Amino acid sequence: MQIITTKKELQAIVTACKTSGKTIGLVPTMGALHAGHASLVERAVNENNVCFVSVFVNPTQFNNKEDLAKYPRDIKRDAELLQRIGADFVFAPTPEEMYTAEEMDSTFAFDFAGLDTMMEGKMRPGHFNGVVQVVSRLFYLVQPDKAYFGEKDFQQLAIIHHMVERSSMAGTFGNLQIVNCPIVREESGLALSSRNERLSDAEKKTALAISKTLFESLKWAKEAGATVAQVQQRVIDTINAVEGLEVEYYEIVDQTTLLPATGFEHAIGCVTVYCGPVRLIDNIKY
Ligand code: PAF
């Protein structure tokens with residue numbers, strides 16, 4: 001496995017892969033890798049001739065400086081894990097290598113077709129702009145045949161699908177296929193997240209109420225006459241009743257348009273909860 005830090009080196013390797021007809025899989029990450037990322041990388045290794053993993057804590061998608069500063073970073077540990085799984089190349093650039101000072105401070109022009117107006121987009125202004133900026137740059141640099149993303153960040157995935165569909169009309173990313181990968185959970189039900197590293201043991205126990213409530217809500221949705229609004233409120237009330245947890249939003253939306261769901265078919269419930277100072281997200285498909 002080779003660690004690359006410059007775009008120039010990366011592009012030379014990508015060109016060599018393309019020239020020899022190798023298929024490329026890309027797993028974009030911000031590091032602090034866990035079993036959820038490992039499942040994406042394993043899939044990328046199995047389904048492509050060459051697997052690239054990017055490890056880059058993207059400053060332009062953080063609207064909170066403290067969150068950016070506190071984001072866990074451990075490239076040595078990440079590299080060891082990636083080597084064990086069989087990744088071929090790790091792209092770990094500095095922010096200065098990825099962006100000019102001007103790019104770092106300006107808004108990336110992109111038409112989200114409204115997909116950024118709710119949930120994470122509403123709570124974290126500019127977040128998806130930074131995500132689209134970095135992901136489109138990674139696609140441009142690595143030219144993957146397949147790119148792998150976890151369903152935990154469901155709104156992000158919907159936006160990336162939209163970005164690729166729009167740009168494939170112009171042929172920008174060739175035949176790039178976005179591969180959705182299911183949420184990986186601890187045996188307890190807690191969705192794996194790099195942010196879990198910031199939870200104390202006690203907070204981790206408290207956080208279990210999030211996934212437990214989401215799973216319970218599948219039953220509530222099946223109760224006679226249950227409406228989306230009722231189930232939504234019941235989830236919020238149940239989680240908020242747990243000391244140490246505070247729901248920021250719980251929205252049951254259509255899986256494609258992300259607009260408020262009118263029924264449970266093709267619907268997904270997306271939640272964000274503060275567990276102490278740590279912001280956790282999770283979701284459940286109805
Ligand atoms: O999901 C993430 O870790 C990030 O948003 C991504 C896709 C790697 C872009 O920085």
Side-chain angles (χ1 to χ4, degrees), residues 4 7 10 25-41 43-44 51-64 67-75 77-79 81-82 87 89-99 103-104 107-108 110 112 115-116 119-121 123-142 144 146-164 167 173 176-184 191-198 270 272 278-283:
I4 309 159
K7 290 184 290 205
L10 174 66
L26 169 68
V27 184
T29 81
M30 297 207 299
L33 304 178
H34 50 66
H37 297 108
S39 73
L40 271 58
V41 178
R43 226 174 133 179
C51 170
F52 285 77
V53 179
S54 60
V55 175
F56 178 60
V57 182
N58 174 34
T60 68
Q61 71 186 74
F62 284 82
N63 55 327
N64 178 332
D67 199 22
L68 172 63
K70 284 197 172 155
Y71 203 85
R73 294 163 172 87
D74 191 346
I75 184 69
R77 213 191 79 191
D78 290 344
L81 176 81
L82 293 172
F89 299 100
V90 177
F91 179 49
T94 59
E96 294 71 27
E97 177 67 17
M98 280 301 262
Y99 301 121
E103 282 170 337
M104 196 91 88
T107 307
F108 184 73
F110 182 73
F112 288 89
L115 290 170
D116 64 333
M119 304 192 290
E120 289 303 279
M123 297 301 165
R124 304 174 68 189
H127 167 66
F128 286 123
N129 214 276
V131 170
V132 167
Q133 180 183 32
V134 76
V135 171
S136 60
R137 182 148 307 181
L138 290 167
F139 287 172
Y140 173 76
L141 292 169
V142 180
K146 290 184 179 175
Y148 299 77
F149 294 88
E151 287 194 327
K152 188 163 83 63
D153 297 296
F154 196 84
Q155 189 172 10
Q156 166 172 283
L157 199 44
I159 287 173
I160 289 168
H161 274 284
H162 167 71
M163 177 182 106
V164 172
S167 55
F173 302 128
L176 168 61
Q177 188 191 333
I178 301 298
V179 183
N180 293 16
C181 301
I183 295 181
V184 178
L192 295 191
S193 163
S194 305
R195 289 194 166 86
N196 294 355
E197 284 186 25
R198 289 170 52 198
C270 299
T272 297
V278 186
R279 190 173 183 272
L280 300 173
I281 72 172
D282 201 346
N283 62 62

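What you see is a predicted model, and the numbers here were worked out from it, not measured in a lab. Order of appearance sets the numbers: ligands from 1, and atoms from 1 within every ligand. Below, each value reflects all heavy atoms present in this structure, side chains not excepted, and no hydrogens, waters or symmetry copies.
Closest heavy-atom approach to atom 3 (O) of ligand 1 among the candidates Gln156, His37, Met30, Arg137: Met30.
Scanning all protein heavy atoms for the shortest distance to atom 4 (C) of ligand 1 gives Gln61 NE2, 3.6 Å.
A side-chain donor-acceptor contact under 3.5 Å links Asn58 and Tyr99.
For ligand 1, the atoms sitting less than 4.0 Å from at least one non-hydrogen atom of Asp153 are 1 (O), numbered in the order shown with element in parentheses. Listed by number with element, the atoms of ligand 1 under 4.0 angstrom from any heavy atom of Val134 are 9 (C), 10 (O).
Between Phe128 and Phe112, the ring planes lie tilted relative to each other; the angle falls in the 30° to 60° range.
For the pair Asn58 and ligand 1, the shortest N or O to N or O distance does not fall below 3.5 Å.
In this structure a side-chain-to-backbone donor-acceptor pair under 3.5 Å is present from Asp74 to Arg77. Side-chain atoms of Lys7 come within 3.5 Å of backbone atoms of Glu97 as a donor-acceptor pair (strictly under, hydrogens ignored).
Pairs passing the salt bridge (charged side-chain N to carboxylate O under 4.0 Å, His left out) check and including a residue from residues 124-136, sequence neighbours excluded, read Glu120-Arg124.
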